[in-house]
Amino acid sequence: MDALFVVFALTVALVPCSVFASDPSSLQDFCVAIDDPRFAVFVNGKFCKDPELATANDFFLAGLQIPGKTANKVGSNVTQANVAQIPGLNTLGISFARIDYAPYGLNPPHTHPRASEILTVLEGSLYVGFVTSNPVNRLISKILNQGDVFIFPVGLIHFQFNVGHTNAVALAGLSSQNPGTITIANAVFGSKPPISDDVLMKAFQVDKSVIDKLQAQFWMNNK
Ligand SMILES: *[C@@H]1O[C@H](CO)[C@@H](O)[C@H](O)[C@H]1NC(C)=O
């Protein structure tokens, strides 16, 4: 057999694997396997209600016209509409959020481990951006005005900053029933228990006093 035939035969043999073999997407941070189902609490997602018993309210949420309070350190507030608020979203792979920004309010750099995001500005002007993965770490950013739409690809660190002197409001669709949020500063400097100074000093190339100062901040949970 010549080498080209071997490559061709292997390619043909592997195609069905790449098409059919796939684990289900993760719907939560992790799902540790156990042998005894009596101790099981979660499946990957939520348990399903008998469809006969489903009601309109399982697919409904009121109140997204109400602004979240932005009187906090970062000047923003995320109101979520995911499977935790709307049980009918279970297994459907989508969710929604309203984000309010005070003047110069920031939705701080964060990632959604399980979702891409499509965001539109209802009011105000936002400076938004995301950073591509290593090794390039390119910032892709733009000023958005009312009616503009922007995408944050799954897993990438992104932010929105209100650059106007008025309140701003945005709506976001997310490609998971439970997108998850990792706010970078909170996760790195506000973890419980804290990450050791030695790790953070080396990672950020700064002195212990700088790390201690950052760890002493009150890291607000903005979802
Ligand atoms: C966001 O707004 C809600 C509703 O006004 C409020 O209960 C909550 O405390 C606010 N969260 C933050 C982090 O400010």
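Both counts, for ligands and for their atoms, begin at 1 and track the order of listing.
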- Task: Below 4.0 angstrom from a heavy atom of N72, which ligand 1 atoms are there? Numbered from 1 as shown, please.
- Result: 12 (C), 13 (C), 14 (O)

- Task: Examine I118 and F130 and state if one hydrophobic cluster contains both, with Ile, Leu, Val, Met, Phe, Trp and Tyr joined whenever side-chain heavy atoms are less than 4.5 Å apart.
- Result: no

Side-chain donor-acceptor distances from residues 154-164 under 3.5 Å, at least two apart:
| residue | atom | partner | partner atom | Å |
| --- | --- | --- | --- | --- |
| H158 | ND1 | H110 | O | 3.2 |
| H158 | ND1 | L156 | O | 3.0 |
| H158 | NE2 | H110 | NE2 | 3.0 |
| H158 | NE2 | E117 | OE1 | 3.2 |
| Q160 | OE1 | Y101 | OH | 2.8 |
| Q160 | OE1 | N107 | ND2 | 2.9 |
| N162 | OD1 | G164 | N | 2.9 |
| N162 | ND2 | A102 | O | 2.8 |
| N162 | ND2 | T166 | O | 2.8 |

- Query: Do L61 and V83 belong together in a cluster built from hydrophobic side chains that touch within less than 4.5 Å?
  - Reply: yes

- Message: With ring-ring contact (aromatic ring centres under 6.0 Å, His included) as the criterion, how do Y104 and Y127 come out once you've worked through the C-alpha distance, each side chain's angles and the decisive distance to 0.1 Å?
- Response: CA-CA 10 Å; Y104 308 108; Y127 166 57; over 10 Å; no

- Query: Atoms of ligand 1 less than 4.0 Å from G68 heavy atoms?
  - Reply: 2 (O)

- Proximal candidate to atom 11 (N) of ligand 1 [heavy atom criterion; set N77, T79, V74]: N77

